[in-house]
Amino acid sequence: MAHTYDPENIFAKILRGELPNKTVLETAHTLAFHDIYPQAPVHVLVIPKGPYVSYDHFAAEASDAEVLDYTRTISKVCEMLEVGEKGFRLISNAGELGVQEVPHLHVHILSGRPLGRMLNPPA
Ligand code: AMP
């Protein structure tokens with residue numbers, strides 16, 4: 001599948017410093033920051049710095065260094081947020097059916113309250 005990256009998406013602007021963000025952790029290849037509309041007491045987004053649209057795009061095309069850095073940064077952020085013991089949810093929406101709003105790969109880390117079932121039943 002072709003993954004066409006739009007360099008004008010909001011997270012690309014954050015990475016270029018054109019929009020502010022509340023950084024949790026920044027590494028060579030990865031940025032973690034607070035979601036602007038938190039849906040739980042803990043709601044952090046983790047994005048790679050490279051131009052990847054979705055998780056499958058990143059997993060297929062990112063370098064080993066990017067994949068390792070991204071994965072380890074998610075782990076470090078979970079540690080910093082102290083979510084490991086009580087629990088948390090990782091979500092990465094992709095495409096139209098996944099209801100992805102921002103077309104730059106991001107993992108949501110959600111915690112701090114009971115998060116309910118993973119999916120709502122279809123309407
Ligand atoms: P998704 O539906 O998975 O694409 O989620 C996009 C997320 O990005 C939403 O939770 C938004 O609240 C969040 N968001 C949008 N703009 C910003 C921004 N400028 N800074 C931080 N989070 C944002």
Side-chain angles (χ1 to χ4, degrees):
M1 178 186 159
H3 298 282
T4 307
Y5 184 78
D6 171 13
E8 293 310 312
N9 77 76
I10 291 171
F11 296 167
K13 290 181 180 177
I14 285 177
L15 286 167
R16 290 196 295 267
E18 294 166 14
L19 289 174
N21 77 92
K22 287 171 67 181
T23 299
V24 174
L25 184 62
E26 180 169 8
T27 67
H29 299 292
T30 308
L31 179 67
F33 54 98
H34 292 279
D35 195 290
I36 202 166
Y37 301 119
Q39 294 183 41
V42 173
H43 190 170
V44 169
L45 303 173
V46 188
I47 68 174
K49 291 184 176 176
Y52 303 104
V53 176
S54 55
Y55 204 99
D56 59 316
H57 184 202
F58 177 75
E61 295 188 13
S63 67
D64 290 0
E66 289 174 300
V67 172
L68 189 64
D69 185 86
Y70 190 62
T71 306
R72 293 272 197 259
T73 301
I74 290 172
S75 170
K76 278 184 201 140
V77 170
C78 286
E79 202 177 315
M80 289 170 72
L81 299 170
E82 299 182 329
V83 296
E85 195 168 325
K86 286 211 163 177
F88 61 94
R89 183 170 292 159
L90 294 184
I91 299 174
S92 188
N93 299 315
E96 187 183 343
L97 292 183
V99 196
Q100 180 180 13
E101 290 170 20
V102 181
H104 181 115
L105 167 60
H106 49 286
V107 165
H108 300 252
I109 301 176
L110 295 149
S111 187
R113 67 167 172 81
L115 295 166
R117 294 180 65 84
M118 186 170 69
L119 294 176
N120 295 323

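Note that ligands are numbered from 1 as they come in the structure, with each ligand's atoms numbered from 1 the same way. Computed from heavy atoms alone, side chains included, the values below leave out hydrogens, waters and symmetry copies. Numbers here simply count residues along the sequence, with the first being 1.
Residue contact check for ligand 1: Leu19 places no non-hydrogen atom closer than 4.0 Å to it. At a 4.0 Å cut-off, at least one heavy atom of Val99 sits close enough to ligand 1 to count as contact. The closest approach between a heavy atom of His108 and any atom of ligand 1 is below 4.0 Å.
Contacts with ligand 1 closer than 4.0 Å are made by backbone heavy atoms (N, CA, C, O) of His34 only, the side chain lying farther away.
Listed by atom number, the atoms of ligand 1 under 4.0 Å from Tyr37 heavy atoms are 12 (O). Each of the atoms 4 (O), 6 (C) of ligand 1 lies under 4.0 Å from some heavy atom of Val102. Set against the non-hydrogen atoms of Gln100, the atoms of ligand 1 under 4.0 Å away are 4 (O).
Within a 6.0 Å radius of CZ in Arg89, more than 12 heavy atoms belonging to other residues, nucleotides or ligands are found.
For atom 1 (P) of ligand 1, the closest non-hydrogen atom on the protein side is His106 NE2, 3.1 Å. The single protein non-hydrogen atom nearest to atom 19 (N) of ligand 1 is Ile10 CG2, 3.7 Å, given as residue, atom name and distance. Taking atom 4 (O) of ligand 1 as the reference point, the nearest protein heavy-atom neighbour is Glu101 N, 2.7 Å. With respect to atom 8 (O) of ligand 1, the closest heavy atom belonging to the protein is Phe11 CZ, 3.4 Å. In terms of protein heavy atoms, atom 23 (C) of ligand 1 is closest to Ile36 CG2, 3.4 Å.
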Show which side-chain atoms of residues 33-43 pair as donor or acceptor with protein atoms under 3.5 Å away, not counting sequence neighbours.
unit_1 : atom_1 : unit_2 : atom_2 : d
Asp35  : OD1    : Tyr37  : N      : 2.9
Asp35  : OD2    : His43  : NE2    : 3.3
His43  : ND1    : Gln39  : N      : 3.0
His43  : NE2    : His108 : ND1    : 2.8

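Between Pro48 and Leu15 the shortest heavy-atom distance is O-CD1, 3.8 Å.
Salt-bridge formation is detected for the pair Glu8/Arg16: a Lys NZ or Arg NE/NH1/NH2 atom is positioned less than 4.0 Å from an Asp or Glu carboxylate oxygen.
Applying side chain to side chain contact (heavy atoms under 4.5 Å, CB included) to Ile109 and the options Val24, Val77, Leu45 leaves one that passes, Val77. The only option from Glu66, His106, His104 that meets the side-chain hydrogen bond (donor to acceptor under 3.5 Å, both in side chains) definition with Tyr52 turns out to be Glu66.
From Glu26, atom CD reaches atom CD1 of Ile47 across 9.5 Å, with rounding to the nearest 0.5 Å.
Side-chain contact between His29 and Thr73 is absent, with no heavy-atom pair separated by less than 4.5 Å. Taking the side chain as every heavy atom from C-beta outward, Thr4 and Val53 never approach each other to under 4.5 Å.
Of the candidates Ile47, Asp35, Asn93, it is Asp35 that places a heavy atom closest to atom 11 (C) of ligand 1.
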